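Working notes, beginning with the structure itself.
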Amino acid sequence: MATPLLWTGGWDSTFRLLSLLLREQREVQPYYILDSLHFRPAVPAEREAMRLIRQALLKHWPEAAVRLADTLECQLSDIDADTETQRYYERCLAIGFIGGQYEWLARYCRQHDIEGMELSIHRDDKARELLADLIGPTRDQLDPRFAGDCRYELFKSFRFPLFDMTKRQMQAEARSHGFDDLMKLTWFCHRPRRGQPCGTCNPCIYTIEEGLGERVPLSGRMRYHLRVMPRVRHWLTRHPDLYMRVRALYRRLRSSSVAPPRASAT
């Protein structure tokens, strides 16, 4: 049975993908959720990274490439609304900050009856801090003893195979198993500038702060040190109530900006 894996073409999920294919010789079913290009300009870069990785895999490890299924893609707007899941997510925010993607990923798994979807949450992720007290003895799933806890209910459909790993450890393991060149094809920046990582979006910040700053160009690293708005966002994550109000306002503005134009009177 193929392992379901959320794959974005990024460092963590690609490491897990290649580990499954090359080290464990498993079949993999990747999933990818597409947000609007207007709000996440990295979609073309992520798709290109995944194409290049598939291409390199086919060239160097053709026997592993056949175990990688076609990616199942879904538009974010096609995921069903789910007030219960949203409520769990908002309760989680009262405990500690996590990105909004975990709410719609949980809705996606629930809509499609997917159990054991692998998420590449690793040691330095903020989501790991939220889940550390709930992780089971195998260190890759939440302990069912916590059923009813909002964190458990939001993340119960997932597995976390990289829960105790750092990016540096992934880099070392990729090198020792001979697929570090493929890792260089990964993409992480959400808002690229002239085709290069910006240095100020969250994935760029995490990449720098988790020891892989060499993957961000000098211009991006300079913007990282001079950034203002990312520091404001970071401050907001430490104040969940205020963050929720700002998030609600952002959602209203976002919804109005993409609303279809009204038909003119004739």
Side-chain angles (χ1 to χ4, degrees), residues 4-17 19 30-33 35 40 42 46 76 79 82 84-110 114-170 186 188-190 201-212 230 233-241 243-244 246-247:
L5 170 70
L6 178 72
W7 187 33
T8 64
W11 180 271
D12 309 320
S13 61
T14 298
F15 173 79
R16 180 54 181 165
L17 177 99
S19 295
Y31 293 82
Y32 180 64
I33 310 300
D35 201 351
R40 199 159 66 85
E46 290 175 351
L76 178 57
I79 301 177
D82 184 340
E84 185 177 34
T85 300
Q86 183 177 353
R87 186 167 63 251
Y88 289 138
Y89 172 71
E90 292 176 353
R91 288 177 181 173
C92 286
L93 286 177
I95 301 172
F97 176 78
I98 53 171
Q101 72 271 24
Y102 297 115
E103 189 267 339
W104 44 258
L105 285 172
R107 283 192 281 123
Y108 178 80
C109 288
R110 188 168 182 171
I114 300 173
E115 294 294 334
M117 172 78 86
E118 292 203 353
L119 286 186
S120 300
I121 292 175
H122 62 291
R123 192 194 298 179
D124 297 312
D125 272 332
K126 290 186 179 298
R128 186 188 186 279
E129 299 175 11
L130 187 78
L131 300 175
D133 294 339
L134 280 65
I135 200 70
T138 62
R139 305 297 293 173
D140 66 351
Q141 286 182 299
L142 300 186
D143 194 323
R145 292 187 301 111
F146 295 101
D149 186 296
C150 60
R151 296 167 293 175
Y152 179 89
E153 297 302 328
L154 185 66
F155 287 93
K156 65 183 179 181
S157 297
F158 304 111
R159 291 185 65 248
F160 315 101
L162 307 180
F163 200 74
D164 294 320
M165 292 194 73
T166 67
K167 288 186 187 293
R168 280 295 194 188
Q169 288 173 325
M170 295 178 216
T186 59
F188 53 92
C189 177
H190 279 180
C201 69
N202 283 340
C204 280
I205 293 171
Y206 301 150
T207 296
I208 293 170
E209 294 181 349
E210 292 173 28
L212 297 181
R233 289 196 296 270
H234 180 71
W235 180 84
L236 281 172
T237 64
R238 296 178 178 275
H239 300 79
D241 291 341
Y243 171 79
M244 289 300 296
V246 172
R247 176 173 172 267

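Just so you know, residue 1 is the first one in the sequence shown, and it goes up from there. Computed from a predicted structure; not experimentally measured.
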[X] [atom1] to [Y] [atom2] distance, which is reported to the nearest 0.5 Å:
{"X": "Cys150", "Y": "Glu90", "atom1": "SG", "atom2": "CD", "answer": "11.0 Å"}
{"X": "Asp124", "Y": "Lys167", "atom1": "CG", "atom2": "NZ", "answer": "8.0 Å"}
{"X": "Asp149", "Y": "Cys92", "atom1": "CG", "atom2": "SG", "answer": "7.0 Å"}
{"X": "Gln141", "Y": "Glu115", "atom1": "CD", "atom2": "CD", "answer": "9.5 Å"}
{"X": "Trp11", "Y": "Leu212", "atom1": "CH2", "atom2": "CG", "answer": "5.0 Å"}
{"X": "Thr8", "Y": "Ile33", "atom1": "OG1", "atom2": "CD1", "answer": "11.5 Å"}

Are [X] and [Y] close enough that some pair of their side-chain heavy atoms sits under 4.5 Å apart?
{"X": "Trp104", "Y": "Leu76", "result": "yes"}
{"X": "Tyr108", "Y": "Ile114", "result": "yes"}
{"X": "Ile98", "Y": "Lys126", "result": "no"}

Give the minimum heavy-atom separation between [X] and [Y], together with the two atoms involved.
{"X": "Arg107", "Y": "Ile79", "value": "NH1-O, 3.5 Å"}
{"X": "Arg151", "Y": "Leu131", "value": "CB-CD2, 4.1 Å"}
{"X": "Asp125", "Y": "Ser120", "value": "OD2-O, 3.7 Å"}
{"X": "Leu6", "Y": "Met117", "value": "N-SD, 3.7 Å"}
{"X": "Cys189", "Y": "Ala42", "value": "O-CB, 3.0 Å"}

Taking only residues two or more places apart in sequence or in another chain, which ones pass side-chain hydrogen bond (donor to acceptor under 3.5 Å, both in side chains) with [X]?
{"X": "Arg110", "result": "Asp82, Glu84, Thr85"}
{"X": "Gln101", "result": "none"}
{"X": "Glu209", "result": "Tyr224"}
{"X": "Thr14", "result": "Trp7"}

Partner residues of Asp133 under the salt bridge (charged side-chain N to carboxylate O under 4.0 Å, His left out) criterion, sequence neighbours left out |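 Expected list: none.
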Just jot down the ring-ring contact (aromatic ring centres under 6.0 Å, His included) partners of Tyr152, sequence neighbours excluded, or say none.
->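 Tyr152 satisfies ring-ring contact (aromatic ring centres under 6.0 Å, His included) with no residue once adjacent residues are dropped.
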Donor-acceptor pairs are to be reported for all side-chain atoms of residues 155-164 against protein atoms at under 3.5 Å, with residues two or more places apart or in another chain.
| residue | atom | partner | partner atom | Å |
| --- | --- | --- | --- | --- |
| Lys156 | NZ | Glu153 | OE1 | 2.9 |
| Arg159 | NH1 | Glu118 | OE2 | 2.5 |
| Arg159 | NH2 | Asp140 | OD2 | 2.4 |
| Asp164 | OD1 | Arg128 | NH2 | 2.6 |
| Asp164 | OD1 | Arg139 | NH2 | 3.0 |
| Asp164 | OD2 | Arg139 | NE | 3.1 |

Are any side-chain N or O atoms of Tyr102 and backbone N or O atoms of Tyr89, one a donor and one an acceptor, separated by less than 3.5 Å?
->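 No, the answer is negative, given that no donor and acceptor are paired below the 3.5 Å cut-off.
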Is Asp143 reaching over with its side chain to a backbone N or O of Arg145, donor-acceptor style, under 3.5 angstrom?
->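 Yes.
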Going by atom types only, do Glu210 and His122 share a side-chain donor-acceptor pair under 3.5 Å?
->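 Yes.
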